[in-house]
Amino acid sequence: DQQVKQNSPSLSVQEGRISILNCDYTNSMFDYFLWYKKYPAEGPTFLISISSIKDKNEDGRFTVFLNKSAKHLSLHIVPSQPGDSAVYFCAASALFYGYGNKLVFGAGTILRVKS
Amino acid sequence: DTAVSQTPKYLVTQMGNDKSIKCEQNLGHDTMYWYKQDSKKFLKIMFSYNNKELIINETVPNRFSPKSPDKAHLNLHINSLELGDSAVYFCASSQRAGGYTFGSGTRLTVV
């Protein structure tokens, strides 16, 4: 039962253009959403997050949009750079017993930015 | 100075062996986790400890036993290793409702 889905296994974008990575979720109890970036042989690193009370959060070149009615979020990277080439994981949070987060991850999307 | 460090980075072992993976965080976080990334690349939670107390135990075979001697350490011991245990295991920590900081992963290969 995949509660978080990233339906595009990979995405290829030209340097300088916009990258749009999509994510859908099914559990309406999720109230906090995150994007992680992962390079080979490294652990995922936190990129940007958004609370369910917002519909947009921006941090430099990265913007996350949340559409709660559609249970959909997207990550926009503008402009894309070759160093952005990595696997991007979408994650959704369910606070568990008030201690920490249980993050549910999507399968990831491989982003390749061509120079 | 690594925030979440796990050892070893690579582990190759035979079926039936017992092995341990260690994890330490120096961030002062209260909660630590073990996640498994399987062959389909999904990251799935296995266990979570808050201040040495087990709070999440997903449907993981009881051959897997986490141990938290203090809130900065969460080790994973695996008994009677099976081929299907081959995966990358990630340790992570967080402060309550915050995002995770992950370790760099341990690639376990059971032969």
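Numbers restart at 1 for each chain; the letters A, B, ... are given by sequence-line order, proteins then strands. All values below come from the heavy atoms of this structure, side chains included, with hydrogens, waters and symmetry mates left out.
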A/L103 portion near chain B, given a 4.5 angstrom heavy-atom threshold: both

Distance in Å, A/K102 NZ paired with B/Y35 OH, rounded so as to fall on 0.5 Å steps: 8.0 Å

Interface residues of residues 68-79 of chain B facing chain A - non-hydrogen atoms under 4.5 Å apart: none

Heavy-atom donor-acceptor pair, A/E15 side chain to A/V113 backbone, under 3.5 Å: no

Donor-acceptor contact present, side-chain A/Q6 to main-chain A/L21, <3.5 Å: no

A/V4 to A/F30 - nearest heavy-atom pair and separation: CG2-CE1, 4.1 Å

A/N57 (side chain) donor-acceptor with A/S49 (main chain) under 3.5 angstrom: yes

Side chains of A/N22 and A/S74, donor plus acceptor under 3.5 Å: no

Backbone N/O of A/S8 and side chain of A/T109: donor-acceptor pair under 3.5 Å: yes

Positions in residues 100-111 of chain B that reach chain A, provided some heavy atom is under 4.5 Å away: B/Y100, B/F102, B/G103, B/S104

B/K9 atom NZ, neighbour heavy-atom count above 12 within 6.0 Å: yes

Per-residue contact mode, B/L43 against chain A (heavy atom under 4.5 angstrom): both

Interface moiety of B/Q6 toward chain A, non-hydrogen atoms closer than 4.5 Å: neither

Part of A/Y39 within contact of chain B (heavy atom distance under 4.5 Å): neither

Side chain to side chain contact (heavy atoms under 4.5 Å, CB included) evaluation trace for A/L47 with A/L75: CA-CA 10 Å; A/L47 196 55; A/L75 174 68; 3.8 Å; yes

